[in-house]
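Heavy-atom basis, side chains included; hydrogens, waters and symmetry copies ignored.
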Amino acid sequence: MRRFLAAVTIVFALGACRGEPQASAQSLDQAALERLVDSLMPSVAAATGVPFRSRPAIGVRSREQVRSYLLAKLDQELPPERLEGITTAYRLLGLIPDTLDVARLIVDLYTEQVAGFYDPDSSMLYAVQGGDRMQLRLILAHELVHALQHQYVALDSVMRSRENADRLAAAQAVFEGQATLVSMFTLVPDTSALSNDEFWVTYRDQVRMAQAGMKVFASAPLVIREGLIFPYVGGADFARWWRSNRPGTQPFGPGMPVSTEQVLHPERLARGDAPVSVRFTGDTSEVIHDDTVGELEIAIL
């Protein structure tokens, strides 16, 4: 579910970095969307380093249709018993208030933010009706990377893994980080700026400022806000490291990180510093929720 943050994050951050106002909203139909996707695919493939095997299926959806989709997706990705376990654990750790309706917050967050997304279950790329044209180009470039990734790796299977939340967060960071970086290389006029560390400091600051300006996001607990931002900010930093240190290769596949520690400190991935599992011993009969906590969530705690 975290991938739906991508569209707004990139748009506002890049718009602020480049000092450009947002374009006015324009209507969008299927034919216009297809033309835009066709125009972006060559640049996205070149920046990613692998060709498209086929054009992804694409469609336009209303915001109401997107909300219905998100509700169904939430039930699939976070079934009631898992959502209750995570919610209870976070409450006991003092990370969220007792009165928070987590399911409603997640849907409200993505409804507030989503402007386009790639659905690996149906292999469809969607644009949300009512956005502006500058946003749409950035969104489609980002989501086209996900469509391209899916043609080379079982994106739906990886993202559906539920036995290790830290490993899942690391995988999300790889996919979203690469999509964020490729989007920028595709659409930023002066790509030399992308090798400048100061640009990325500004980018990170602008991401947080943009999100803080969104009512629902600003009201969310820290653990949810950081969990949403990490794949794009931390993931982009990792993608930059990969591009510099392993040129000509892809960050997904057998060599991808298996922990948020390896994303945050890619030099540890390079030297084969694998995560070590640590478990509590004793009676587990009354355990409410069992999952893996890695460096990201430990830092938030």
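Within 6.0 Å of the CZ atom in R104, the count of heavy atoms belonging to other residues, nucleotides or ligands does not exceed 12.
One distance of note links CG of L181 with OG1 of T48; it measures 9.5 Å at 0.5 Å rounding. Distance CG/N196 to OG1/T202: 8.5 Å, rounded to 0.5 Å. T87 OG1 to I288 CD1: the interatomic distance, rounded to the nearest 0.5 Å, is 11.5 Å. Atoms NE2 and CG, from H150 and L148 in turn, are 11.5 Å apart once rounded to the nearest 0.5 Å. From L109, atom CG reaches atom CD1 of I224 across 7.0 Å, with rounding to the nearest 0.5 Å. Atom OG in S219 sits 9.0 Å away from atom CZ in R225 (nearest 0.5 Å).
Nearest heavy atoms, Y118 versus S123: OH-CA, 3.2 Å. M184 approaches W200 most closely through the heavy-atom pair SD-CH2, 3.3 Å. Closest heavy-atom contact between P97 and P221: CD-CG, 4.1 Å. Across A57 and M124, no two heavy atoms sit closer than the pair CB-SD, 3.0 Å. Smallest separation of non-hydrogen atoms from S39 and R137: OG-NH1, 4.2 Å. Looking at every heavy atom in both residues, A179 comes nearest to S183 through O-OG, 2.5 Å.
Screening residues 83-100 for salt bridge (Lys or Arg N to Asp or Glu O under 4.0 Å) gives no qualifying pairs among residues at least two apart or on separate chains.
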Item to check | Pair I139-H142, side-chain contact (heavy atoms from CB on, under 4.5 Å): steps then yes or no | outcome: CA-CA 5 Å; I139 293 158; H142 184 103; 5.9 Å; no
Checklist entry - Can you list the steps and then say if M41 with L144 is a side-chain contact (heavy atoms from CB on, under 4.5 Å)? => result CA-CA 7 Å; M41 284 178 62; L144 273 169; 4.1 Å; yes
Checklist entry - Would V174 and W242 count as a side-chain contact (heavy atoms from CB on, under 4.5 Å) if you check the C-alpha gap in whole Å, the side-chain angles of each, and the deciding distance to 0.1 Å? => result CA-CA 10 Å; V174 170; W242 187 282; over 6 Å; no
Checklist entry - Run the salt bridge (Lys or Arg N to Asp or Glu O under 4.0 Å) check on R167 and D291 step by step: do they pass? => result CA-CA 11 Å; R167 185 167 188 164; D291 211 327; over 6 Å; no
Checklist entry - Please walk me through it: do R243 and F185 pass side-chain contact (heavy atoms from CB on, under 4.5 Å)? => result CA-CA 12 Å; R243 191 181 185 96; F185 271 99; 3.7 Å; yes
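Scanning for side-chain contact (heavy atoms from CB on, under 4.5 Å) contacts around S195 gives an empty result, with sequence neighbours left out. For D101, there are no salt bridge (Lys or Arg N to Asp or Glu O under 4.0 Å) partners two or more places apart in sequence or in a different chain.
Side-chain atoms of L187 and L40, non-hydrogen and from C-beta on, do get closer than 4.5 Å to each other. Using a 4.5 Å heavy-atom threshold, the side chains of D237 and Y203 count as separate. At a threshold of 4.5 Å between non-hydrogen side-chain atoms, the residues D166 and E297 do not count as touching. F238 is not listed as a side-chain neighbour of M256, based on a closest heavy-atom distance of 4.5 Å or more. In this structure, the side chains of Q76 and D121 come closer than 4.5 Å at one or more pairs of heavy atoms. Counting heavy atoms from C-beta outward, R268 and R271 have side chains that approach closer than 4.5 Å. Looking at heavy atoms from C-beta onward, Q178 lies in side-chain contact with V145 at the 4.5 angstrom threshold. Proximity of E295 to S259: side-chain heavy atoms (C-beta onward) are nowhere separated by under 4.5 Å.
If you chain together hydrophobic residues whose side chains sit under 4.5 Å apart, V50 and F175 fall into the same group. Hydrophobic clustering (side-chain heavy atoms under 4.5 Å, transitive across Ile, Leu, Val, Met, Phe, Trp, Tyr) groups Y90 together with L83. Under a hydrophobic-cluster definition in which Ile, Leu, Val, Met, Phe, Trp and Tyr are linked whenever side-chain heavy atoms come within less than 4.5 Å, directly or via other members, L93 and I298 are assigned to different clusters. Under a hydrophobic clustering in which Ile, Leu, Val, Met, Phe, Trp and Tyr are joined whenever their side-chain heavy atoms come within less than 4.5 Å, directly or via other members, M209 and F230 fall into different clusters. L222 and I106 fall within the same hydrophobic cluster, where Ile, Leu, Val, Met, Phe, Trp and Tyr residues are linked whenever their side-chain heavy atoms come under 4.5 Å apart, directly or through other members.
Side-chain contact, Q65 with Q129: no donor N or O sits under 3.5 Å from an acceptor N or O.
Using modelled atom types, one side-chain atom of Q262 and one backbone atom of V258 make a donor-acceptor pair closer than 3.5 Å. T260 places a side-chain N or O within 3.5 Å of a backbone atom of L296 that can act as its donor or acceptor partner. When atom types are taken as modelled, the side chain of E176 and the backbone of H146 share no donor-acceptor pair closer than 3.5 angstrom. A donor-acceptor pair under 3.5 Å is formed between the side chain of Q151 and the backbone N or O of S54. Using modelled atom types, no side-chain atom of S244 and backbone atom of W241 make a donor-acceptor pair closer than 3.5 Å.
A salt bridge between D108 and K215 is absent, with no side-chain N of the basic residue lying under 4.0 Å from a carboxylate O of the acidic one.
F117 and Y126 have tilted rings, their planes meeting at an angle from 30° to 60° on a 0 to 90° scale.
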